[in-house]
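Just below is one structure, and these are the notes that go with it.
Note: hydrogens, waters and symmetry copies are ignored here, and every other heavy atom, side chains too, is used.
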Amino acid sequence: MADVGAKSSTNFIKEIIDADLKVGKNEGRVHTRFPPEPNGYLHLGHAKSICLNFGLAIEYGGLCNLRFDDTNPTKEEPEYVESIIGDIKWLGFDWGDRLFYASSYFDQLYEFAVKLIKHGKAYVCDLSAEEIRKTRGTLTAPGTNSPFRDRTPEENLDLFERMRAGEFPDGSRVLRAKIDMASGNLNMRDPVMYRILRASHHRTGDKWCIYPTYDFTHGQSDSIEGITHSICTLEFEAHRPLYDWYVEALGIHHPQQIEFAPLNLSHTVLSKRKLLRLVAEGCVGGWDDPRMPTISGMRRRGYTPEAVRAFCERIGVAKRESLVDTALLEHCVREDLNRRAPRVMAVIRPLRVVIDNYPEGQVEELEAINNPEDPAQGTREVPFSRVLYVEQDDFREDPPGKFFRLSPGREVRLRYAYYITCVDVVKDAATGDVIELHCTYDPETRGGWAPDGRKVKGTLHWVSAEHALDGEVRLYDHLFTKPDPVDVEGADWLSNLNPRSLEVLTGCKFEPSLAGAKPGYRCQFERQGYFCADKDSSGKSLVFNRTVSLRDTWAKIEKTQAGR
RNA sequence: UGGGGCGUCGUCAAGCGGUAAGACACAGGAUUUUGGAUCCUGCAUUCGGAGGUUCGAAUCCUCCCGCCCCAGCCA
């Protein structure tokens with residue numbers, strides 16, 4: 001966590017803040033906020049915004065609030081606020097005692113509306129939603145004024161109070177800002193400020209039957225909190241003139257809104273709506289499915305907050321829309337886990353190996369290094385015996401060129417153990433599949449070194465059969481086959497779902513030191529990747545999620561060989 | 001066709017009139033009891049295009065082209 005708030009590279013937002021500070025704007029304060037709507041789980045795109053907002057506050061010695069923009073009771077739930085709070089904490093950020101809700105400002109927002117009505121800047125409109133849409137005009141044609149646009153402030157005040165009192169049915173009237181129906185910016189064509197909605201709110205219950213729209217709430221909420229820099233994504237750029245109009249008309253503190261490009265990640269989707277659809281339609285196991293780019297999904301998969309933060313730092317902040325390669329995220333995870341995760345041996349696709357000349361019943365405890373990147377993590381003992389398991393991929397009856405692993409007659413090293421030579425191959429009579437190997441070991445090579453100095457090209461991981469722990473391993477691949485899943489003509493983006501995004505392996509064999517691994521425990525399965533114990537683990541059977549594979553040079557070689 | 005943005009290496013991204021940072025990816029090589037890690041090396045004579053200003057432009061001006069967002073009583 002030492003790198004939280006570490007000095008980061010520059011970006012256009014910092015330049016704006018630096019310029020503001022230089023001229024003494026906002027009394028030298030820097031106060032940001034992260035304003036999620038509690039209607040879904042946070043994802044990596046939010047992480048980018050969180051790192052930006054909280055990071056800026058830390059870097060400039062300012063503050064960052066957490067505020068829930070809960071203005072639509074029909075879509076918001078306490079479950080979501082809980083998950084959001086947990087996710088931000090997990091990422092490593094702290095908002096002190098500044099946890100706010102836009103709904104706490106409902107009374108004040110109401111007074112703001114009254115003030116605009118009194119100033120003749122807002123009016124109650126009886127048009128239906130459909131009629132409002134029709135009179136809004138189009139992108140190229142101006143809209144037409146509502147027939148209710150010129151009601152007197154007195155009449156508007158009366159109507160608005162009665163709206164609040166519940167005298168009118170849902171959707172029958174709205175309060176609108178009186179701006180300009182001919183504006184080139186559609187957001188300025190008398191936008192709706194309040195709607196009648198009889199829905200119970202997760203915070204205010206049934207106190208209100210009218211709710212302010214996001215557009216009438218967001219800017220003023222920032223203003224109320226004294227936010228100096230309101231950082232948001234590009235799609236709100238066209239709303240900025242409206243937010244400016246409201247705070248100017250109200251004569252209240254004017255935060256400066258700055259927009260940046262939202263994150264897009266290859267082979268996945270980053271939009272609450274799309275993620276919700278994946279969950280709702282059962283494409284994944286839930287919001288925290290390890291394939292999901294949600295914070296909870298990444299956490300379950302084994303990503304570290306440090307890696308996520310490093311990623312957010314490296315992608316930078318700009319206004320240009322982009323599609324970041326998932327490979328960068330994976331690199332950040334490997335980089336972090338490489339120096340922290342303890343190594344362990346696990347065979348995920350077991351092939352039985354009998355060491356013919358090893359004494360029956362004999363067991364040796366061999367010393368293994370926990371993390372070559374960090375000597376402080378020490379060593380452990382791993383049991384070795386006559387019957388072992390090695391990876392099926394580590395044996396080829398007919399080895400291709402550059403294949404350094406086991407094959408008939410070839411000698412390889414078993415990590416931390418002995419050199420072994422394959423002397424026989426047992427096959428299933430019916431299928432022809434290799435089901436067992438017979439090898440001999442060289443007693444002189446204990447620990448993995450040959451006294452005569454002879455070298456072997458390959459080193460294999462292994463697990464002693466009688467000591468092995470059983471369990472399941474879940475391998476994950478991209479959720480979508482295309483880098484940009486939404487890039488579909490006519491088709492549904494779900495058609496780009498990767499049918500092989502999840503591969504479940506059972507009958508996996510783990511070294512005994514993994515006994516009792518708690519959910520969330522992260523380690524490296526040597527030569528394979530980083531894994532994280534899943535919450536589905538039980539004392540009887542372990543379940544590991546593959547966070548990310550190790551870089552696999554052999555796979556690349558094999559691929560280019562196949563390509564020839 | 002209205003308004004608002006954006007266009008620099010395969011992907012992100014610095015650059016702010018003085019002659020194209022860095023990262024990921026990729027390709028070589030060294031090293032290695034993880035074909036991991038680490039370490040070297042290479043990788044935009046060019047900045048969407050065309051003109052112009054200037055001794056000098058990715059940076060300034062003009063025009064053009066392309067992409068994105070906005071017509072929820074969603075956020």
Side-chain angles (χ1 to χ4, degrees), chain A residues 9-11 15 35-37 39 69-72 74-76 125 127-129 132-134 136-143 170-176 182-189 191-197 210-211 213-215 217-218 232-241 259 261 266 272-273 314-332 334-335 338-339 343 345 368-369 372-373 402-405 413-417 419 447-449 455-461 483 524-529 549-558:
Chain A
S9 58
T10 189
N11 60 50
E15 289 185 1
E37 183 193 12
N39 68 341
D69 272 342
D70 50 356
T71 56
N72 185 353
T74 65
K75 293 184 177 172
E76 297 148 10
C125 180
L127 256 26
S128 68
I132 287 181
R133 187 177 62 73
K134 281 181 179 161
R136 184 152 28 223
T138 67
L139 292 180
T140 52
D170 284 11
S172 61
R173 285 172 224 259
V174 293
L175 181 70
R176 292 225 255 169
S183 172
N185 182 344
L186 296 250
N187 297 120
M188 301 300 268
R189 321 243 262 227
V192 171
M193 295 163 59
Y194 267 91
R195 69 275 214 188
I196 302 173
L197 191 61
I210 58 171
Y211 289 96
T213 58
Y214 172 84
D215 276 354
T217 304
H218 186 77
C232 63
T233 43
L234 252 28
E235 69 268 30
F236 294 105
E237 205 152 25
H239 294 244
R240 191 173 64 218
E259 308 85 8
S266 73
K272 264 195 226 170
R273 281 199 247 266
R314 288 194 201 199
I315 56 176
V317 180
K319 296 195 73 162
R320 147 185 8 154
E321 61 178 295
S322 59
L323 180 63
V324 177
D325 195 334
T326 296
L328 179 58
L329 210 212
E330 295 180 340
H331 170 264
C332 291
R334 290 193 187 101
E335 183 179 55
N338 173 51
R339 54 181 181 241
R343 316 285 125 128
M345 292 198 285
I369 295 167
E373 302 296 320
K402 299 270 178 52
F403 184 83
F404 304 150
R405 285 109 97 140
R413 168 168 44 229
L414 290 182
R415 183 143 231 231
Y416 301 126
Y419 281 17
W449 294 108
K455 299 264 203 283
V456 288
K457 293 278 253 181
T459 298
L460 275 44
H461 60 276
Q524 181 197 100
F525 287 176
E526 293 222 26
R527 302 209 303 136
Q528 306 192 87
S549 66
L550 244 31
R551 282 186 58 215
D552 191 347
T553 306
W554 166 242
K556 276 181 194 166
I557 294 171
E558 203 174 27

**Request:** Establish whether the base of B:U34 is bridged to the side chain of A:Gln528 by a donor-acceptor pair shorter than 3.5 Å.
**Result:** no
**Nearest-Å distance once atom C1' is located in both B:G51 and B:A57** = 14 Å
**Prompt:** Can you tell me how far C1' in B:U54 sits from the matching atom in B:G17, rounded to whole Å?
**Reply:** 9 Å
**Prompt:** Which value, in whole Å, describes the distance between the C1' atoms of nucleotides B:G7 and B:C47?
**Reply:** 10 Å
**Asked** For residues A:Thr459 and A:Arg415, is any side-chain donor paired with an opposing acceptor at under 3.5 Å?
**Response** no
**Message:** Taking the basic N atoms (NZ, or NE/NH1/NH2) and the acidic carboxylate oxygens, is any pair closer than 4.0 Å for A:Glu37 and A:Lys75?
**Reply:** no
**Request:** Please identify each residue that fulfils side-chain hydrogen bond (donor to acceptor under 3.5 Å, both in side chains) with A:Thr213, with sequence neighbours left out.
**Result:** none
**Asked** A:Glu526 CD to B:G35 P: how many Å, rounded?
**Response** 9 Å
**Message:** By nearest heavy atom, map A:Phe525 and A:Ala327 onto RNA chain B; which one lands nearer the 5' end?
**Reply:** A:Ala327
**Request:** Could you tell me whether the side chain of A:Arg189 has a donor or acceptor atom within less than 3.5 Å of a complementary atom in the base of B:G72?
**Result:** no
**Request:** Round to the nearest Å and state the distance from A:Arg314 atom CZ to B:A23 atom P.
**Result:** 9 Å
**Request:** With heavy atoms under 4.0 Å as the rule, sort A:Thr74 into base, sugar-phosphate or nothing.
**Result:** nothing
**Prompt:** P atom, B:U19 versus B:U11: distance in rounded Å?
**Reply:** 27 Å
**Item:** Residue matched to B:U38 through Watson-Crick or wobble contacts both under 3.5 angstrom
**Value:** B:A30
**Nucleotide-resolved protein contact map, nucleotides 4-11 of chain B, B/S/- at heavy-atom distance under 4.0 Å** = SSSSB--S
**Message:** Pairing check on B:C74: which nucleotide meets the Watson-Crick or G-U wobble criteria with it, both distances under 3.5 Å?
**Reply:** none
**Asked** Which value, in whole Å, describes the distance between the P atoms of nucleotides B:G56 and B:G18?
**Response** 15 Å
**Message:** If the condition is ring-ring contact (aromatic ring centres under 6.0 Å, His included), which residues does A:Tyr194 pass it with, not counting sequence neighbours?
**Reply:** A:Phe160, A:Phe216
**Item:** P atoms of B:U38 and B:C16, separation to the nearest Å
**Value:** 32 Å
**Fill in**
For A:Phe525, the ring-ring contact (aromatic ring centres under 6.0 Å, His included) test, sequence neighbours excluded, returns A:Phe510, A:Phe531, A:Phe544
**Asked** Under the ring-ring contact (aromatic ring centres under 6.0 Å, His included) test, which residues partner A:Phe403, sequence neighbours left out?
**Response** A:Trp554
**Request:** For A:Arg176, enumerate each residue passing the salt bridge (charged side-chain N to carboxylate O under 4.0 Å, His left out) test, keeping only those at least two apart in sequence or located in another chain.
**Result:** none
**Prompt:** For RNA chain B, whose closest nucleotide is more 5', that of A:Arg551 or that of A:Thr71?
**Reply:** A:Arg551
**Nucleotide forming a Watson-Crick or wobble pair with B:U59, both distances under 3.5 Å** = none
**Asked** Counting only side-chain N and O atoms of A:Arg413, is one of them less than 4.0 Å from OP1 or OP2 of B:G35?
**Response** no
